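Since we're looking at a predicted model, the values are computed, not measured. In the text below, chain A, chain B and the rest are named by the order of the sequence lines, each starting its count at 1.
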Amino acid sequence: MTNVTFTSVSKAYGSVTAIGDISLSVSSGAFTTILGPSGSGKTTMLSLIAGITAPSSGRIELGGQEITHVPAARRNVGLVFQSYALFPHMSIFDNIAFPLRVRHLPAPDISRRVGEALRLVRLTGFESRRPHQLSGGQQQRVALARAIVFKPDILLLDEPLAALDRKLREEVRSEIKALQRSLGITTIMVTHDQEEAMSLSDHIVLLANGRVEQIGTPDELYHRPKTRFAAGFLGLANFLEGRLEQPNAIRGTSGDFPCRTSAGRLGRQVCGLLRPEDIRADADSGFVRGTIREVVFLGEIARYIVDTDSSRSFTVNIAGARRRLAEGSAVWLSWDPECVWLLPEEGGAPTLH
Amino acid sequence: MLGRAAGDISPRRRRVRWDLVLLLAPLALLTGIFFDVPLLNTALWSVSDPATGALTGAHFQEFAQSAAYTRIIWRTLVMALEVTLLTALLGYPLAYWTSRLRPRLQAVVLAFIVMTFWVSILVRTYAWIVILGNGGLVNRTLQALGLTTRPVEFLYNELGILIGMTNVLLPFLVLPLYAAMVRIDRRLLQVAQTLGAGPTRIFWQIFFPLTLPTLAASAIFVFILSLGFYITPAVLGGGRVPLVANMMDLLVNRFARWEMAAVVSVVLMAVTLSLYSVYQWLRERGA
C-alpha cells in the first residue's frame with residue numbers, strides 16, 4: 001500500500017510559479033481528488049507524481065521512499081490522460097500488453113493479464129481492434145486497463161471524464177469508483193469539476209493559484225470550508241457578514257441573521273456560510289423579507305434569486321419544484337440557525353481568487 | 001408519402017457548375033495540349049516505325065536486347081536507391097533534431113533547410129565543384145590536416161553525383177518528416193514513460209513506427225525525383241557517369257533516335273507510376 005507525500009514542493013516554469021510550497025499527504029488506498037480551477041496547478045501536481053516533470057524544489061515520497069528525481073519509468077505509477085493517449089498504431093491487446101512487455105513478462109502471463117484487465121473494463125473481445133475503431137468511452141476504458149494491468153502502486157487520472165458526454169460520464173464515473181474500490185488502489189484524480197470531485201472522492205485537495213486552499217472530505221469542504229474561495233468553489237454560497245453581537249446572531253447592516261456558535265468570537269466581525277438548500281421561503285414569516293427576482297427550474301429543485309429589502313440577494317434552492325413561487329412575489333426567508341457555518345477568521349476576508 | 005420522403009433523402013441531381021468549368025478550362029486546355037498530347041505522342045513513337053509510321057515492337061525489342069540500355073537503367077535505379085538511402089540516413093536525424101529544438105530555433109533551422117530552394121539548382125551544383133574540386137575547400141582542408149597527400153576525387157564520378165543529388169533532395173524528405181514528428185502527441189511518449197519504457201524502447205516502438213508511413217512516402221518521393229535528374233549528374237558527373245536523363249539527351253540531340261528516347265521514357269514512366277501508386281497508398285495510410 002502506498003501513500004504519497006509532498007514536502008514543500010514548488011514548481012516554476014521560467015518566472016511563472018505553477019505550484020508554490022505545497023505540503024500534503026495522500027493516504028494509501030483512498031480516492032483523492034485534486035480539485036481546482038484551470039491554472040491552479042493541478043495538472044502540474046499530477047505530472048510531478050507521475051515523474052513527467054521534476055519539481056523546482058521540495059521532496060516527493062511514494063510509500064515512504066523518496067522519488068523526487070526517480071525517472072517516470074521506474075515509479076510504477078499508472079496514468080490515464082484526458083486524451084487517453086492510446087498508441088494509435090497498436091491493437092488494443094498490444095496497448096494493454098505494452099507495460100507488461102516492458103517488464104519482460106512471459107507471453108502466457110501477458111495474455112492472461114491483458115484478458116483479466118479487459119474483463120475488468122468489460123471490453124473482452126476487443127483485443128484485435130485499433131484505438132480509432134472504438135468510441136470515446138471505450139478508449140477511456142482501454143486507457144484505464146493499460147494503467148492498471150501492471151499493478152501500479154498509484155493510479156493517476158487526469159480529468160478522466162472531461163471528454164465524455166454527460167450520460168456516459170455518469171456511467172464511467174461509477175465504473176471508476178467501483179474499480180478503485182475493488183482493486184483498493186491508491187488513486188489520485190485531477191479535475192476542475194466539483195461535482196465529479198464530490199461524488200468520487202474520499203478526500204479532496206482544493207488548489208487555488210498553486211497553493212493548497214483546503215484538504216478534507218467532500219462533506220468537510222462543502223459544509224465546513226475554511227475560506228470564501230472554498231465555499232464558493234464547491235457549490236453555491238450565501239455569505240452572512242456582520243458583527244457577532246450575541247452567540248446566536250450576526251448583526252449585518254440590514255438586520256440580524258440567526259446562527260449558533262459556541263466559539264468565543266463575540267463582538268468580532270464574522271462571515272457565515274449558508275447553503276441555498278438550507279433556506280426556507282414562506283409567505284408570512286421568517287428572518288429576512290425579500291422579493292423573488294428570478295426563478296430557475298432545474299428539475300429536482302427550483303432555484304430562486306431573492307432580493308431583500310436592504311438590496312442584497314440570497315440564492316435559495318427548494319426541492320420538490322412541482323409548485324413554484326412566482327417571480328415578483330414577496331417571501332420571508334428563514335433557516336435553522338445550526339446550518340450557518342462561521343468561516344474561520346482568516347478565511348472570512350474576501351479573496352482575489 | 002413514403003416515396004416523397006425517400007426522394008428527399010436521396011442526393012439531389014448534380015447541377016453543372018458552369019462558372020467552375022469556365023475557370024478550370026484554361027488549365028485543362030494547357031495541360032491537354034502541352035502535356036498530355038506530347039506524352040501520348042511519345043508513347044506512340046515508342047511503338048511506331050520512324051519512317052513509315054507503322055506499329056512495331058522493334059524498339060522495345062532493341063531496348064531489351066541492348067546491354068547498354070538495361071545497364072544504364074539499372075545504374076540509374078541503383079543510383080536513385082543510394083541517394084534515397086543517404087537522404088533518409090541524413091534527413092531522419094536532422095528532422096528529429098529539429099523537431100526537438102525550442103520553437104524559435106526550429107524556425108531558424110527550417111529556414112536554413114528551405115533556403116536551398118531559393119538558390120538555383122545550377123548555381124548550387126557548380127558550387128559543389130568549388131567545394132569538392134581538387135583545389136577545393138574539402139581537399140585543401142584534408143591535405144592541411146595531413147589526412148591525405150593526394151586530393152580525393154569527389155568530382156566526375158558517382159560520389160560527386162551522390163553528394164550533389166542528396167543535397168538537392170534532402171528538403172523533400174526533411175520537411176514532411178519534421179511535420180509528422182511535430183504532429184506526434186507528446187503525451188503518447190509521456191504515457192509510455194509512466195508505463196515503464198526507457199528512451200530506446202519509446203523511440204523504436206512508439207516514435208519511429210508513427211513516423212514510418214511518412215518516412216516511406218517521402219523516401220519514395222525522393223527516389224522518383226532522383227530517377228529523372230539531369231543537371232546534377234551532367235555537371236558533377238562530367239559526362240562520365242551516364243544516367244537515364246543524360247542518355248536521353250544523347251539519343252535525341254546526338255543520334256536523333258527519337259523512338260529509342262521514347263522507349264526509355266515510357267519505361268521510366270512505368271517505373272515512376274508504379275512507385276507513385278505505392279507512395280499514394282502509404283500517404284493515405286499515414287494520414
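Side chains of Gln205(B) and Phe87(A) form no contact here, defined as non-hydrogen atoms less than 4.5 Å apart. Side-chain contact between Gln180(A) and Leu155(A) is absent, with no heavy-atom pair separated by less than 4.5 Å. The shortest side-chain heavy-atom distance between Val109(B) and Tyr178(B) does not fall under the 4.5 Å cut-off. Within the 4.5 Å cutoff, the side chain of Pro88(A) has heavy atoms near those of the Leu210(B) side chain. Counting heavy atoms from C-beta on, the side chains of Val114(B) and Leu175(B) come closer than 4.5 Å.
The line from CD1 of Ile19(A) to OG of Ser47(A) is 9.5 Å long, rounded to the nearest 0.5 Å. Rounding to the nearest 0.5 Å gives a distance of 10.5 Å between CG of Leu243(B) and CG of Leu77(B). The distance from the OG1 atom of Thr191(A) to the CD1 atom of Ile204(A) is 10.0 Å, given to the nearest 0.5 Å. Annotation: the span from Leu200(A) atom CG to Phe31(A) atom CZ amounts to 4.5 Å, rounded to 0.5 Å. Residue Ile22(A) holds its CD1 atom at 12.0 Å from OG1 of Thr7(A), rounded to the nearest 0.5 Å. Atoms CG and CD1, from Leu275(B) and Ile220(B) in turn, are 6.0 Å apart once rounded to the nearest 0.5 Å.
The stretch residues 95-116 of chain A places Phe98(A), Pro99(A), Arg101(A), Val102(A), Arg103(A), His104(A) near chain B, each with some heavy atom under 4.5 Å from a heavy atom of that chain. Of all residues in residues 132-141 of chain A, none places a non-hydrogen atom less than 4.5 angstrom from a non-hydrogen atom of chain B. Of residues 75-86 of chain A, those residues lying under 4.5 Å from chain B by any heavy-atom pair are Val77(A), Leu79(A), Phe81(A), Ser83(A), Ala85(A), Leu86(A).
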How far apart are the C-alpha atoms of Leu170(B) and Ile113(B), what are their side-chain angles, what is the distance that settles it, and do they pass the side chain to side chain contact (heavy atoms under 4.5 Å, CB included) test?
-> CA-CA 8 Å; Leu170(B) 202 57; Ile113(B) 293 168; over 6 Å; no
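Every pair passing ring-ring contact (aromatic ring centres under 6.0 Å, His included) that includes a residue from residues 78-118 of chain B is listed here, sequence neighbours excluded: Tyr92(B)-Phe208(B), Tyr96(B)-Phe203(B), Tyr96(B)-Phe207(B), Phe117(B)-Phe172(B).
At a 4.5 Å heavy-atom cutoff, the contact between Arg201(B) and chain A is made by side-chain atoms alone.
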